[in-house]
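Some notes on the structure that comes next.
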Protein chains: 2
Amino acid sequence: MELTDRKKQILKVVVEDYIQTAEPVGSKAIAAEMGGRISSATIRNELADLVELGYLEQPHTSAGRIPSPKGYRLYVNELMEQQRLTLAETERIDQALQMKMEELDRVISQAGRVVASFVNYPTYMATSGKKHLTARRFDLLPVDEHSCIVVMMMGDDRVKSQLLRLQLKVDTGQIPALVDMLNNHFTNISGGEMSRRLMDVADQVSPQLFLLLSQTVSYAVDVLEEAGQREVFMAGANQLLKLPEFRNADKAHELMSFLSDSKENLPVPDDGPMKILIGPENVNAALRDTSVVVASYDIGDDMRGLIGVVGPTRMDYAAVAARLTGFADGLTRLFGKHEKLPPKEDPQT
Amino acid sequence: MELTDRKKQILKVVVEDYIQTAEPVGSKAIAAEMGGRISSATIRNELADLVELGYLEQPHTSAGRIPSPKGYRLYVNELMEQQRLTLAETERIDQALQMKMEELDRVISQAGRVVASFVNYPTYMATSGKKHLTARRFDLLPVDEHSCIVVMMMGDDRVKSQLLRLQLKVDTGQIPALVDMLNNHFTNISGGEMSRRLMDVADQVSPQLFLLLSQTVSYAVDVLEEAGQREVFMAGANQLLKLPEFRNADKAHELMSFLSDSKENLPVPDDGPMKILIGPENVNAALRDTSVVVASYDIGDDMRGLIGVVGPTRMDYAAVAARLTGFADGLTRLFGKHEKLPPKEDPQT
DNA sequence: CTTTAGCACTCCGGGAAAGCGAGTGCTAAC
DNA sequence: GTTAGCACTCGCTTTCCCGGAGTGCTAAAG
């Protein structure tokens, strides 16, 4: 059965009022909010229906109403007005994203902190995709007879490098051959495969070179493994303590511990750019009475990034959704730019 | 005036009892703790003296005593027994530090998380030293006509690299000359100086090369700036909520916000390997009724790392100090090893 | 001079009781 | 279908009371 327009209108008022005040909303307040055109008694009749239908709840007999998860769901799906960011806010977001940073991780964690400060809820960030990262190109740059720089370009165009200390002197003249071998036999394969091939070529080169080769390969394996790992960043968890629903230290502690520990079981938007999970819609027990708004954005190169905001079920969905979309778009743009152009053009300080 | 041995003994019992229970300790409990050899009445007389002298405080007339900051100070300086870690714990620490990680930042933040889980207090980690980082060597590796890898070795032997997308095609043959110029004119100078020199050489090279040069230099400037920045990591802030003194959400929020925001004003051990700051000894207002135990360790290459633990004034100084020292030593060893040897030797998976 | 037992007193913390007030559901009239 | 009126419910805050832990003081004993 469809709700009448007026019922929806009332539901909307209840949700929005409750989002702001965190207190049960009474019939009188609703009547006032709606312009005083209908009396509180009428509202009460409607409220009773809405409770009956499961969209609202009553903490106790003589209290106002609060939205149920079902009520929030209807609100989010139909009633919520898409909030537009003010120009000033859009600018602040763009400005916040004007980071000149090299490392993907840094950019992401920094962005997470900014988002958290914008929405005033705990925010997590992660990346997804990128199952099989491989090396695409190797170089070795001799430094002196005891050390050598290894440079590796990965499948996603990122370049990693490190100084290797050599246990044995290596004849510089042989380096190019070694680089050839690396590029011919150790590119575009998985880390495990690399280790295996290393064994195969063991007897084809001199011991000194083999040592250098194996150092290089194990560096590559480590880097690929580390780069493939998905890392999760958390920011703004302390925001929770400002909320009335988390003034109870135990509740706050429980959720915060979950948030700072869990690397895996945070919600991801399985499809579409944004997903809203309300209370019990969360599979994860620790999130059962919180809501999560999570958006994804394009990092380029088959990878997607993830921004999620965790809050009480009465969180300001419209505001959070708008800001999250703003950031997601901004980040997509940021990474798109990186993709096409060099990171910076301006040579002056 | 020196305290009698018995007074010190009593003070010690009060501190250690209070550290455990967070409740004012009464004369009777002290008498029992001390073996029942002296009566509670005697203890009461002594307690009155200790209050008089400022080592203890009385929350209200008819309550037990709690240590004052001065009392904790005496305890830490003279009374506290140096706690030895059990073999099992030492092993757990060593095991936790068996990380094969490339990035210094990662190692540090990971270590911070481990420390936090060991001591059950919020823990911060940072690095100090390293004021003027410079580039020591450049390389450019052509990839194709639109891109090129820049490799830079810094003063501390770290190597950074990135793929540059070129706006203009560059003649590969001219790259070596460019690398020479970089190595001759842009090494061992500050980032600001680099930008200035870039202007000087503007008319000595072709526009294409200059563009590449300026991209390289601005990459270098960014990296040096980012690398020189001291970054602070926080872990385990949620541990606070378990403590009775932070069950009040406002207090907890205040401290947690301070901890997660402040990058600069966290205590550092100005000399020696470890420093303990008790309550009001903290210059920073936000830390006035907390204590901080901070240790430093050697990263090598003029840099020092920092582990700090923040807790209530009644924190378990002996336990924290022992574990912190254990970790600091472990980290010094870890970095010492990295310094001398290649990061890994074992080529098998 | 120090230690100890005894005792009246203080004050915190918890629990019960009371009053307040916001809000409801119901009835009857419009 | 809507509204005014009204009795009623129930959580929250305040007040009050009481138990108990712990003190300070006094006076006696070592």
Side-chain angles (χ1 to χ4, degrees), chain A residues 1-11 13-15 17-18 20-53 55-68 71 244-245 247-249, chain B residues 1-11 13-15 17-18 20-53 55-68 71 244-245 247-249:
Chain A
M1 161 208 158
E2 261 296 316
L3 294 180
T4 63
D5 274 358
R6 194 172 65 183
K7 282 199 172 58
K8 286 186 182 174
Q9 185 65 17
I10 292 175
L11 177 59
V13 172
V14 172
V15 171
D17 194 334
Y18 186 67
Q20 282 208 336
T21 64
E23 308 248 308
V25 187
S27 55
K28 213 164 150 186
I30 299 173
E33 184 70 29
M34 292 179 69
R37 304 159 51 89
I38 37 184
S39 80
S40 63
T42 312
I43 304 278
R44 277 202 289 282
N45 289 330
E46 297 282 55
L47 287 178
D49 290 351
L50 284 166
V51 170
E52 181 85 11
L53 293 166
Y55 294 100
L56 293 179
E57 284 168 3
Q58 216 169 358
H60 56 266
T61 338
S62 73
R65 306 306 205 289
I66 63 176
S68 70
E245 31 271 280
R247 309 227 31 122
N248 173 355
Chain B
M1 161 208 155
E2 262 295 316
L3 294 180
T4 63
D5 273 357
R6 193 172 65 182
K7 282 196 172 59
K8 286 185 182 174
Q9 186 64 18
I10 291 175
L11 177 58
V13 171
V14 172
V15 170
D17 194 337
Y18 188 66
Q20 283 209 334
T21 64
E23 308 247 309
V25 318
S27 53
K28 212 163 148 187
I30 299 172
E33 183 70 30
M34 292 177 70
R37 306 159 51 88
I38 37 186
S39 80
S40 63
T42 311
I43 305 279
R44 278 201 290 281
N45 290 329
E46 297 282 55
L47 287 177
D49 289 351
L50 284 166
V51 170
E52 180 85 11
L53 294 167
Y55 293 100
L56 293 179
E57 284 168 3
Q58 215 170 359
H60 57 267
T61 340
S62 73
R65 307 306 207 286
I66 63 176
S68 70
E245 30 271 281
R247 307 226 33 122
N248 172 355

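Throughout, a chain's letter reflects where its sequence line sits, starting with A, and its residues are numbered from 1.
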With side-chain contact (heavy atoms from CB on, under 4.5 Å) as the criterion, how do M34(B) and I43(B) come out once you've worked through the C-alpha distance, each side chain's angles and the decisive distance to 0.1 Å? CA-CA 10 Å; M34(B) 292 177 70; I43(B) 305 279; 4.1 Å; yes
dT2(D) C1' sits how many Å from M34(A) CE, rounded? 14 Å
Interface with DNA chain D, restricted to residues 35-48 of chain A and to heavy atoms under 4.0 Å: R37(A), I38(A), S39(A), A41(A), T42(A), R44(A), N45(A)
Could you state the interatomic distance from CZ (R65(A)) to CG (L50(A)), rounded to the nearest 0.5 Å? 8.5 Å
If you assign each of S62(A) and S62(B) to its closest nucleotide in DNA chain D, which residue comes earlier from the 5' end? S62(A)
Mind calculating the distance between CG (D17(B)) and P (dG22(D)) to the nearest angstrom? 10 Å
Quick one, Y55(A) with V14(A), criterion side-chain contact (heavy atoms from CB on, under 4.5 Å). Give me CA distance, side-chain angles, the key distance, then yes/no. CA-CA 10 Å; Y55(A) 294 100; V14(A) 172; over 6 Å; no
Flag side-chain contact, heavy atom, 4.5 Å: E57(B) against I66(B): yes
Nearest-0.5 Å distance that lies between atom CD1 in I10(B) and atom CG in D5(B): 11.0 Å
One should read off an interatomic distance between I38(A) CD1 and R6(A) CZ, to the nearest 0.5 angstrom, of 5.0 Å
Would you say NZ of K8(B) has more than 12 non-hydrogen atoms from neighbouring residues, nucleotides or ligands within 6.0 angstrom? yes
Between CD of E46(B) and OG1 of T4(B), what distance do you get to the nearest 0.5 Å? 5.0 Å
Mind calculating the distance between CD (Q58(B)) and C1' (dG22(D)) to the nearest angstrom? 9 Å
Start and end of the DNA chain C segment that chain B contacts, any atom under 4.0 Å from a heavy atom: dT3(C) to dC12(C)
